[in-house]
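Data first, discussion second: the structure below is written as C-alpha cells.
Because the structure is a prediction, the values reported are computed rather than measured.
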Amino acid sequence: MIKIIFPDNSIREYNEAVSGYEIAKDISPRLAKEVLSITVNDEVRDLQRSVESGAKIKLHKWDDSEGKQAFWHSSAHLMAEALEALYPGIKLGIGPSIENGFYYDVDLPEGEVITDADFPKIESKMKELAQQKSEYMRSEISRQEALNFYTKKGDEYKVELINDLEDGTITLYKHGNFTDLCKGPHLPDTGYIKAIKILSVAGAYWRGDEKRKQLTRVYGITFPKQKMLEEYLVLLEEAKKRDHRKIGKELELFTFSQRVGQGLPMWLPKGAELRERLENFLKKIQKRYGYQQVISPHIGLKELWVTSGHYEKYGKDSFQPINTPADGEEFLLKPMNCPHHCEIYKHKPHSYKDLPVRYAEFGTVYRYEQSGELHGLTRVRGFTQDDAHIFCRPDQLKDEFKKVMDIVFIIFNALDFKNFTAQVSLRDPNDKVKYIGSDENWEKSEAAILEAVKEKDLNCVIEYGEAAFYGPKLDFMVKDALGRQWQLGTIQVDYNLPERFELEYTGADNQKHRPVMIHRAPFGSMERFVAVLIEHTAGKFPLWLTPDQVVVLPVSEKFNDYAEKVLNFLNNYDIRTLIDDRNEKVGKKIRDNEMKKIPYLLIVGEKEFDNETVSVRKQGDGDKGIMKLEEFAELINKEVKTQTESYKIN
RNA sequence: GCCGAUGUAGCUCAGUUGGUCAGAGCAGCUGAUUUGUAAUCAGCAGGUCGGGGGUUCGAAUCCCUCCAUCGGCUCCA
C-alpha cells in the first residue's frame with residue numbers, strides 16, 4: 001500500500017506505485033492538465049517519477065514558482081535542441097530558468113553568430129519540436145559514463161561541469177534527439193510549451209569568469225498559452241514607459257552630453273529642484289538624529305587613499321591622478337568622502353563623552369566605471385552620495401547602527417518603497433586575503449550587524465563574500481521597472497579606517513582608544529535614488545516632492561490677470577504654482593499639463609473670476625469641482641502634511 | 001573592458017534592391033482664433049542623415065574605423 005500525504009494533511013492510498021501525474025489525474029483531469037511539477041518530501045521532481053509511500057507531496061501549477069521553473073527549464077532544453085539542429089557543432093554550457101524565462105549559454109561553431117534576426121528562425125524550430133510532444137526522460141548514469149558521453153560528443157563545458165559534481169551518479173534528461181546533463185525537474189513532454197519568444201542575445205563569460213571564453217547567451221521566455229505571452233509582452237512595453245531615462249528626458253529632469261563625457265549626468269532645473277527637496281528632507285531628519293553637516297573639497301592628495309587602502313584596491317581602474325607643477329604632488333578626484341571626514345574628525349581631540357560624532361555631507365564623488373556598465377542615472381561616473389560617517393565607541397556601535405536603520409526606514413516609508421530587499425554582506429570565510437583588518441575586528445563588526453538586524457526584526461538575506469574589503473555591510477535593494485535590482489541605502493561597519501588614520505578618543509580611564517566608524521548612505525546616491533523613484537512613480541511624484549504642484553489654466557487671455565492673482569495667492573501659501581497662459585484652448589492646456597504630470601490643474605474663467613474660485617482638476621482623476629481659493633490652498637497643504645507626517649521622529 | 005544591436009531635425013519616427021530621399025507628426029516661431037475639462041487652423045523655420053576614412057559616375061543606404069546609446073556578461077570602494 002502506497003500512502004500519499006497532501007499539504008492539508010489529507011491522505012490518499014494506492015495499491016501500487018503511482019506517479020505525481022497519476023495522483024493529479026485522480027484528483028481531477030483538469031488538475032492533471034495544469035500541474036507541472038511536484039514536491040516530494042522537500043525535493044522538487046518530475047511528475048512522471050513514482051512517489052514513495054508516506055511521502056508528503058505538493059503539486060505545482062503555473063502559479064507556483066516551482067511550476068514555472070520546471071516549465072522554463074524544460075524550455076531551455078527545447079531551445080538547446082533547436083540550436084543544436086540549427087547550428088551543428090554547437091557546444092552547450094548551462095541553461096537555467098530565471099525569474100522571467102530562461103537562457104542557454106552556448107559556444108557557437110567558428111564563424112557563426114546569433115543576432116536578433118535569427119530569433120524567428122529559432123522560435124519556429126522550437127515550435128516545431130514542441131509540437132512533437134517528446135517526453136522528457138530521466139536517466140541516471142555513472143560519472144564515468146557521463147564523462148565518456150560528453151568527451152565523445154566534444155562538449156568540453158559539460159565535461160568540466162561533470163568533473164566538478166560531487167555526486168557519484170549523474171542524471172541526464174533526454175527528449176527527442178536531445179540529451180542534457182541536468183538535475184531536473186522537467187515537464188512531462190514538450191507539448192506543454194505553446195508560446196515561445198526569444199528575447200535577446202548577449203555575451204556571457206563561461207562560469208562568470210572574465211578570463212575565460214565568452215559564450216553566447218540566448219534569452220527566451222515561454223508560456224503554456226499564447227495569450228499569456230501576449231500579455232507579458234504588453235507588460236514589458238508598459239515597463240519600458242516607466243524607464244527613468246525616458247521620463248527624465250520628457251520631464252526635463254536631467255541630461256547627458258557627449259561633450260561633457262559619458263556617465264556624467266547634469267541635473268536640469270526641475271530635476272535639481274526635486275533632488276534638493278530630497279536632500280533637505282534628509283538633512284532635516286539627520287539634524288534631529290544628531291548629525292552635523294560638513295563640507296569637504298572635491299579633490300585630495302593621493303596619499304589620503306593610499307592610507308585608506310582604496311588606492312591599492314581601485315587606483316588603477318579609477319580616474320588617473322591630477323598632477324600639479326610642483327614635483328611629486330598628485331591629487332585624486334575623490335572617489336569617496338571617508339578620508340576627508342576622518343581628517344575632519346582629527347581636527348581636534350575627542351573625549352568619550354563627545355561620541356558619537358556624526359558628520360554628514362552630500363559629497364560628490366567620481367569613479368571610473370567601465371563603459372559597458374554605464375546606465376542612465378543608476379550607474380554613472382560622477383554622483384553624489386548622501387554620505388555620513390559616524391565615529392563612535394565600540395559599546396555604542398549596535399545602537400548607532402540601529403538608529404541608521406531607522407533613518408533608512410523613514411525614507412523608504414515616506415516614498416512608499418515597500419518592496420525592498422535587505423542584504424547583510426559578510427566576508428567570504430574561505431578567502432580572507434581579499435579583506436583588510438584583523439579577524440577579531442571582522443568578527444565584532446559582523447556580530448554587531450547581525451544583532452542589530454535581529455533586534456530590528458528585519459527580514460534579510462545573508463551573503464558571504466559580498467562585504468566591502470574593509471568591513472561588512474547591510475544594503476537595501478530596490479528593483480527598477482524592468483526588474484533589475486539596484487542597491488540604494490547602505491550601512492557599513494568599519495574598524496579599519498580608524499586604525500589607518502589613527503583616530504582616537506580619550507576614554508574615562510584617561511587612555512587613548514580607537515573609535516569605530518559607520519559609513520552610511522540611506523539614499524545611496526542621489527542619482528540612483530531619483531532614477532528608482534522615477535521608475536516607481538512613473539514620474540508622478542508625491543505632491544510634497546514634485547517640482548511643480550499646481551498649474552493655473554486661464555480659459556482665454558481675458559483671464560490671464562485673474563490667473564496671475566491665483567498664482568500670487570498660492571505662492572503666499574508656499575504652493576509651487578505655474579501659469580499656462582499660452583494662446584491655446586483649455587483642452588490642449590489640460591492635455592499638455594497632464595502629460596507633464598503636474599498634480600493639480602486649476603481652470604479659471606468667468607465663473608471663477610466672479611466668485612474668486614478655481615475649478616480643480618486632479619492629475620489622472622479628472623474634474624474635482626469648484627473651490628474657493630483658501631479652500632484649495634488648504635487642501636494642498638493638508639495633502640503635503642499627510643505625506644510628510646512620516647518625517648516625525650519618535 | 002567583453003559579446004550583440006542601434007545612431008536620420010529639440011522629441012517620436014518614415015526613407016523599398018545605392019540614382020530629386022533629405023521626409024512626417026509633435027515641440028519652436030509668425031499670424032488668425034478668445035477659446036470651459038486630454039490635441040483650433042494656416043504659414044514659416046529646423047538636419048554635413050553620430051564623427052572620420054573608403055568603394056562608386058553617384059552613399060542616409062555598401063565596407064572600415066572611432067564615438068555614443070541600448071540589451072547582457074564581468075565589475076561596483
(request) Quick one: look up who B:C29 pairs with, Watson-Crick or G-U, both distances under 3.5 Å, and put none if it's unpaired. (result) B:G43

(message) Going by purine N1 to pyrimidine N3 plus the second Watson-Crick contact, or the G-U wobble pair, all under 3.5 Å, which nucleotide sits opposite B:G4?
(response) B:C70

(message) Within the 4.0 Å heavy-atom criterion, would you say A:Glu608 contacts the bases, only the backbone, or no part of the nucleic acid?
(response) base

(request) Would you tell me if any nitrogen or oxygen in the side chain of A:Arg207 comes within less than 4.0 Å of OP1 or OP2 on B:C73? (result) no

(message) For a quick test of reading the model: is some side-chain N or O of A:His375 closer than 4.0 Å to OP1 or OP2 of B:G71?
(response) yes

(request) Please list, by residue number, the residues of residues 213-222 of chain A whose heavy atoms come closer than 4.0 Å to an atom of RNA chain B; answer none if no residue qualifies. (result) A:Gln214, A:Arg217, A:Tyr219

(request) Ignoring backbone atoms, establish whether A:Arg245 has a side-chain N or O less than 4.0 Å from OP1 or OP2 of B:C70. (result) yes

(request) Name every residue in residues 488-496 of chain A that has at least one heavy atom under 4.0 Å from any atom of RNA chain B, in order of residue number, or write none if there are no such residues. (result) none

(message) I'd like to check the side chain to side chain donor-acceptor pair (under 3.5 Å) partners of A:Glu463; sequence neighbours left out, ordered by chain and number.
(response) none

(message) With a 3.5 Å cut-off and heavy atoms only, can you find an N or O donor on one side and an acceptor on the other between the side chain of A:Tyr205 and the base of B:G72?
(response) no

(request) Can you figure out which of B:G36, B:C3, B:A77 approaches the side chain of A:Val555 most closely? (result) B:G36

(message) Need one value for A:Gly372: base, sugar-phosphate or nothing, where a base atom within 4.0 Å counts as base even if backbone is also close, heavy atoms only.
(response) base

